[in-house]
Amino acid sequence: MADTLCGLNREEIARLLGNRKDAEWRGKQIAHHIYGRAADSYDRMNDVPQDLRAMLSETPITNLQIAKHLKSSDGVEKLLMHTGDNQVFECVLLPYKDRVSCCLSSQIGCPMGCKFCATGLGGFDRNLTPGEIVGQYLALQRLTTRRISHVVFMGMGEPMLNLQNLIKAMRLLHDEVGLSYRHLTVSTVGLVPQIRELAQEGMPIHLALSLHSPLDSVRNRLMPVNHKWRVREVVDAMRDYARITGRKVTFEYLLIKEVNDTPEQAEALSKLVKGFPNVVNLIPFNYVDTEQGFRRPERARVQAFRRILEARRVNVTERQERGHDIAAACGQLAGEHKGKFARRNKGSALPLASS
Ligand code: SAH
Ligand code: SF4
């Protein structure tokens, strides 16, 4: 028996129903309740026969519980989730005028150890299951009458370290919830084999690379992953991803004052991304006390960096910052309630960071 129904597709739900003649149809109907209508209780499945509901009710729909619900003055909402095992993770609802998006976590904590990231500083607990990943989307969908059409995997964790569960979750979001693959964005620090593996999946999702410097010397200092795969290698993998999937890719660029926001790096960056019909997305550093003394650049420095890129015909956007008052920004999803719920293994398994 599955742990939870959320995480199974319609065929897998049908298999749970045994030899009934109508298993296939019922599987589809129940999947529609769970994913299409975000039902979190069997009582809401009025058109499913009682005996079937009674049988299914041995398996909970979801294991996610909401530990805290925070609402920002600008409409952003954040849920702090747990699964009853003292480990917390976060997801964020991002309503815009023309669409509603959400930011989901792929792991509890993160083992990648990036030096500017609150999640990374907290260590790593575990991968989230497909049901826990999609369950965040469904929990956020229950907060709004508008349909959440876009998903970004920019919450806690490195999605590519949990690739199989991520792929299953994205298939559920596409096949069962009905989202377009083109509206799903995965952000990665740049695990080259996984980027190449994802390119072969036939899912035209949007891939964003957290680049943060065109120079190995600087990127090494910021992101331990760069010791394993250098800038050139990871940019080549992104180029291949774009070619194979037919999708544009994005480069995320976190700006840290006097570390990676220099004119030299803007020049080098524009050369590096030459030929990509892409976008560089600038993200001014959200202050995290990293013991590195990192600071956020002033507006003028961000503008100067941007102007150099634009003069070299690079498309540039800046991340809209929202949800400040509830610490909902990407990279701040650290589980501030750690003391209360979470147990973190500081400095635990770092498969790549130290290599
Ligand atoms: N692990 C993945 C996805 C989660 S992090 C990745 O690193 O890409 C999502 C984004 O938030 C990344 O681009 C990351 O570099 C950025 N980020 C991390 N810490 C930040 C901070 N303190 N300020 C602003 N952005 C940050
Ligand atoms: Fe992990 Fe991304 Fe934070 Fe790096 S930036 S520690 S990969 S969540």
Side-chain angles (χ1 to χ4, degrees), residues 1-66 79 81-85 89 91 93 100 102 104-106 126-151 153 159 162-184 186 197-198 200-205:
M1 206 67 171
D3 291 343
T4 61
L5 237 56
C6 181
L8 303 182
N9 61 29
R10 62 187 70 183
E11 290 82 20
E12 290 163 336
I13 295 174
R15 279 201 287 280
L16 283 185
L17 305 180
N19 281 335
R20 299 171 60 105
K21 268 206 202 104
D22 61 353
E24 192 182 327
W25 146 246
R26 293 293 176 196
K28 186 174 165 195
Q29 187 184 38
I30 294 162
H32 179 66
H33 278 292
I34 294 174
Y35 300 107
R37 305 174 73 175
D40 56 356
S41 130
Y42 291 106
D43 300 338
R44 288 188 53 198
M45 303 185 186
N46 289 330
D47 49 1
V48 177
Q50 274 293 355
D51 64 318
L52 208 52
R53 279 195 257 166
M55 181 191 128
L56 283 173
S57 62
E58 288 169 23
T59 311
I61 294 178
T62 173
N63 59 347
L64 298 185
Q65 296 171 47
I66 296 173
L79 291 179
M81 319 288 283
H82 71 101
T83 55
D85 61 357
F89 53 100
C91 54
L93 180 74
V100 183
C102 68
L104 306 185
S105 294
S106 54
R126 68 173 173 88
N127 281 336
L128 292 172
T129 64
E132 289 164 347
I133 297 173
V134 179
Q136 295 170 66
Y137 171 92
L138 297 172
L140 291 169
Q141 183 61 82
R142 283 176 211 120
L143 302 179
T144 173
T145 50
R146 295 172 68 195
R147 183 166 185 268
I148 307 176
S149 57
H150 290 65
V151 174
F153 290 94
N162 190 16
L163 189 57
Q164 289 318 311
N165 288 351
L166 177 79
I167 288 172
K168 174 90 193 265
M170 293 196 297
R171 288 207 193 287
L172 290 169
L173 288 169
H174 176 265
D175 299 347
E176 304 296 353
V177 178
L179 302 188
S180 160
Y181 280 132
R182 309 181 83 79
H183 291 176
L184 309 182
V186 171
E197 199 180 326
L198 185 59
Q200 302 300 331
E201 283 294 323
M203 304 166 103
I205 60 144

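When a residue number appears, it is its place in the shown sequence, counting from 1.
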Problem - R147/Q141 under side chain to side chain contact (heavy atoms under 4.5 Å, CB included): CA gap, chis, key distance, verdict - result: CA-CA 7 Å; R147 183 166 185 268; Q141 183 61 82; 4.2 Å; yes

Exercise for the section: Apply the test side chain to side chain contact (heavy atoms under 4.5 Å, CB included) to residues I34 and E176: give CA-CA distance (whole Å), side-chain angles for both, the deciding distance (0.1 Å), then the verdict. Expected result: CA-CA 9 Å; I34 294 174; E176 304 296 353; over 6 Å; no

Practice task
Please assess L79 against L143 for the test side chain to side chain contact (heavy atoms under 4.5 Å, CB included), listing each intermediate value before the final yes or no.
Solution key: CA-CA 10 Å; L79 291 179; L143 302 179; 4.1 Å; yes

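Here the side chain of E201 pairs no donor or acceptor atom with the backbone of L198 at under 3.5 angstrom. Put simply, the side chain of Q29 never gets that close to the backbone of V48: no donor and acceptor are under 3.5 Å apart. With N165 contributing its side chain and L128 its backbone, the two residues share a donor-acceptor pair below 3.5 Å.
For D22, the salt bridge (Lys or Arg N to Asp or Glu O under 4.0 Å) partners at least two apart in sequence or on another chain are R20, R26. When the salt bridge (Lys or Arg N to Asp or Glu O under 4.0 Å) test is applied to R126, the partners found at least two apart in sequence or on another chain are D85, E132.
Residues I66 and R142 fail the side-chain proximity criterion, which asks for heavy atoms closer than 4.5 Å. Inter-residue side-chain proximity for I167 and R171 is flagged as met; some heavy-atom pair is nearer than 4.5 Å. Two residues are said to be in side-chain contact when any heavy atoms from C-beta on lie closer than 4.5 Å; F153 and N162 fail this criterion. Between M203 and M170, some side-chain heavy-atom pair lies under the 4.5 Å cut-off. Side-chain contact between I133 and L173: absent, with no pair of heavy atoms (C-beta onward) separated by less than 4.5 Å. With contacts defined as side-chain heavy-atom distances shorter than 4.5 Å, the pair N9/Y35 does not qualify. The closest side-chain heavy-atom distance from L17 to W25 is not below 4.5 Å. Looking at D3 and T59, their side chains never come closer than 4.5 Å, going by heavy atoms from C-beta outward.
Evaluated for a side-chain contact (heavy atoms from CB on, under 4.5 Å) with I148, the options L93, L179, L138, V177 yield exactly one hit, L93.
Annotation for A23 and A14: closest pair O-CB, 3.4 Å, computed over non-hydrogen atoms. Taking all atoms of both residues into account, the shortest heavy-atom contact from M45 to A39 is CE-CB, 4.5 Å.
Note that CD of Q65 and OG1 of T83 are 8.0 Å apart. Values are rounded to the nearest 0.5 Å.
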